[in-house]
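By convention in this document, chain letters (A, B, ...) are assigned in the order of the sequence lines, proteins followed by strands, and residues within each chain are numbered from 1.
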Amino acid sequence: MSDLHAPLLRWYAEHQRDLPWRRPDASPWAVLVSELMLQQTPVARVLPVYEVWLERWPTPADLAAEPSGEAVRAWGRLGYPRRALRLHAAAVAIVERHGGEVPDDHAALLALPGVGDYTAAAVASFAFRQRHAVLDTNVRRVVARAVGGVEFPPTALTRAERDRAARLLPDDPDTAATWAVAVMELGALVCTAASPRCAECPIADRCAWRSAGYPAYDGPPRRGQAWAGTDRQCRGRLMAVLREADGPVHRSRLDAVWPDASQRERCLDSLLVDRLARRTGPDSYAL
DNA sequence: TACGCGTGGGT
DNA sequence: TACCCAAGCGT
């Protein structure tokens, strides 16, 4: 495998997007907030919510001092609102366990609510300039193509992928941190899932998938997410009502947004169990 | 391990 | 138009 570092780092220096969580003045907290918001949500939708969020809660202590419902409301329409709950819980944990400072240790990061393997590595790398393999969907796709010669990585992250990504990592920690974000950026802007822009790719001449003639993906079917009529859609409708109200809402307003009563009841119960909603009276609910 | 979990833009 | 997909996590 020829060296991919120099061309990719050069490309990143020239083509990187100016994103607020990448600026030199972005705090570790700002990086953590951005990473939680970016889990399964596109950059363009995150940007406005991120700006308002950090203006309102510039430190973990600021967020930890608020009721979690405020976090869920501020989350707006980013989707997967349990992430707002987890970010709030992470802020509380940071105050209680780390004196209000986002920890720089991978294991301590991993122990925070909402922080999994990817996010712990991303924060340690981007905020603290440490050397970690940062394996998100973009990086996995770029490595699968450039090194593995296949269109898409396996459904679940494999040991072989981890080993391969670790081998690709530059030795110097600061360079490794830039490398990590550069590979992600390439996946986001050039080596995209549906229609890669190989003509713009700085490592196209070293890409195993390209040199193999772009063989089509032949793994197990990549199942889409069911939506119409699912509990997720129902929960989303109910949450939208609660979010857009100033205070508690009457049950009748929830009834109005979902016709199937039994499914509606089941979903409302699940929102209560998840602590995304709470009962404020015999027939009233709030965030 | 596979699945459930929101939302909306791109093709 | 109907998919496809997006900086994953927790169980």
Side-chain angles (χ1 to χ4, degrees), chain A residues 16-17 19-22 26 30-50 72 75-87 89-90 109-127 132-142 151-159 165 177 180-189 191-197 217 220-244 257-258 263 266-267 270-271 273-277:
Chain A
Q16 63 177 286
R17 289 169 291 179
L19 300 173
W21 45 85
R22 286 185 188 161
V31 173
L32 180 62
V33 169
S34 77
E35 289 302 338
L36 265 290
M37 289 183 174
L38 288 163
Q39 290 169 1
Q40 299 284 279
T41 302
V43 166
R45 217 178 322 150
V46 165
L47 280 169
V49 179
Y50 168 91
V72 174
W75 197 255
R77 311 179 119 188
L78 288 184
Y80 294 145
R82 49 180 51 175
R83 291 181 295 161
L85 233 38
R86 291 172 183 158
L87 182 52
L109 287 164
L110 193 56
L112 296 173
V115 176
D117 202 48
Y118 159 76
T119 302
V123 173
S125 178
F126 304 155
H132 294 278
V134 182
L135 280 164
D136 79 321
T137 186
N138 289 305
V139 174
R140 293 183 62 211
R141 186 175 58 249
V142 170
E151 186 176 15
F152 294 114
T155 306
L157 182 62
T158 63
R159 178 59 184 269
V181 71
V183 180
M184 283 181 62
E185 192 76 335
L186 187 74
L189 299 182
C191 194
T192 54
S195 40
R197 301 166 173 82
Y217 176 76
R222 308 187 306 141
R223 39 185 308 119
Q225 309 162 330
W227 178 244
T230 61
D231 284 4
R232 274 156 80 188
Q233 185 185 29
C234 180
R235 285 164 56 106
R237 292 260 186 94
L238 299 175
M239 285 301 293
V241 172
L242 298 177
R243 201 167 56 225
E244 285 151 27
V257 297
W258 197 261
Q263 185 177 23
R266 180 173 73 245
C267 289
S270 75
L271 291 173
V273 168
D274 289 346
R275 316 300 295 263
L276 282 166

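- The footprint of chain A on DNA chain B, defined by a heavy-atom cutoff below 4.0 Å, extends from B:dC3 to B:dG8.
- Regarding A:Tyr118, its OH atom lies at a distance of 18 Å from the C1' atom of C:dG10, rounded to whole Å.
- If you check every strand for non-hydrogen atoms under 4.0 Å, A:Arg235 touches sugar and phosphate atoms only.
- Taking atom P in both B:dG8 and C:dG10, one finds a spacing of 24 Å when rounded to whole Å.
- The nearest whole Å value for the distance from the CG atom in A:Asp136 to the C1' atom in C:dC9 is 14 Å.
- Residue A:Gln40 has a polar side-chain atom (N or O) positioned under 4.0 Å from OP1 or OP2 of C:dG8.
- Atom CZ of A:Arg275 and atom P of C:dG10 are 18 Å apart (whole Å).
- Listed candidates were C:dA7, C:dC5, C:dG8. Nearest to the side chain of A:Arg22 is C:dA7.
- Checked by atom type and distance alone, the side chain of A:Arg22 pairs as donor or acceptor with a backbone atom of A:Arg17 at under 3.5 Å.
- Nucleotides B:dG9 and C:dC9 place their P atoms 25 Å apart, quoted to the nearest Å.
- Summarising the geometry, the separation between CZ on A:Arg140 and P on C:dA6 is reported as 11 Å, rounded to the nearest angstrom.
- When atom types are taken as modelled, the side chain of A:Arg237 and the backbone of A:Val257 share a donor-acceptor pair closer than 3.5 angstrom.
- Here the shortest heavy-atom pairing between A:Gln263 and A:Asp231 reads NE2-OD1, 2.9 Å.
- Two residues, A:Arg232 and A:Leu110, neighbour DNA chain C, and the one matched to the more 5' nucleotide by heavy-atom proximity is A:Arg232.
- Counting any heavy atom pair closer than 4.0 Å across all strands shown, A:Leu271 reaches no nucleic acid atom.
- A:Arg266 comes within contact range of no nucleotide atom at all, as no heavy-atom separation falls under 4.0 Å.
- Across B:dG6 and C:dA6, the matching C1' atoms stand 12 Å from one another, rounded to whole Å.
- Looking at A:Leu157, A:Val183, A:Asp117 one by one, the single match for side-chain contact (heavy atoms from CB on, under 4.5 Å) with A:Leu135 turns out to be A:Leu157.
- The nearest heavy atom of DNA chain C to A:Ala194 and to A:Pro113 marks one nucleotide each, and the one closer to the 5' end goes with A:Ala194.
- Within 4.0 Å of A:Val134, counting heavy atoms only, lies no atom of the nucleic acid at all.
- Counting all heavy atoms, side chain and backbone alike, A:Cys191 lies closest to A:Arg141 at O-NE, 2.8 Å.
- In plain terms, the two heavy atoms of A:Leu47 and A:Pro20 that are nearest each other are CD2-CD, 3.5 Å.
- Across all strands shown, A:Trp75 has no heavy atoms under 4.0 Å from either base or sugar-phosphate atoms.
- Backbone-only engagement by A:Asp231 is indicated by non-hydrogen atom pairs under 4.0 Å involving sugar-phosphate atoms exclusively.
- If you take atom C1' in B:dT1 and the same atom in C:dG8, they sit 16 Å apart, rounded to whole Å.
- Between A:Leu78 and A:Thr155, the residue whose closest nucleotide on DNA chain B is further toward the 5' end is A:Thr155.
- No side-chain donor-acceptor contact under 3.5 Å links A:Arg232 to the backbone of A:Trp227.
- What separates CZ of A:Arg45 from P of C:dA7 is a distance of 12 Å, to the nearest Å.
- With rounding to whole Å, A:Leu36 atom CG is found 11 Å from C:dA7 atom C1'.
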All N/O donor-acceptor pairs, side-chain side in residues 34-43 of chain A, below 3.5 Å, sequence neighbours left out:
residue	atom	partner	partner atom	Å
A:Ser34	OG	A:Val31	O	2.7
A:Glu35	OE1	A:Tyr118	OH	2.8
A:Gln39	NE2	A:Gly114	O	3.2
A:Gln39	NE2	A:Thr119	OG1	3.0
A:Thr41	OG1	A:Leu78	O	3.2
A:Thr41	OG1	A:Arg83	NH1	3.3
A:Thr41	OG1	A:Arg83	NH2	2.9

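- Taking for each of A:Gln233 and A:Ser195 the nucleotide of DNA chain B with the nearest heavy atom, the 5'-most of the two is the partner of A:Gln233.
- As a whole-Å value, the separation of A:Glu35 CD from C:dG8 P is 9 Å.
- Using a 4.0 Å heavy-atom cutoff across all strands shown, A:Thr137 reaches sugar-phosphate atoms only and no base atom.
- Distance, A:Leu109 CG to C:dG8 P: 17 Å, rounded to whole Å.
- Residues A:Cys267 and A:Leu238 approach most closely at CB-CD1, 4.0 Å, considering heavy atoms.
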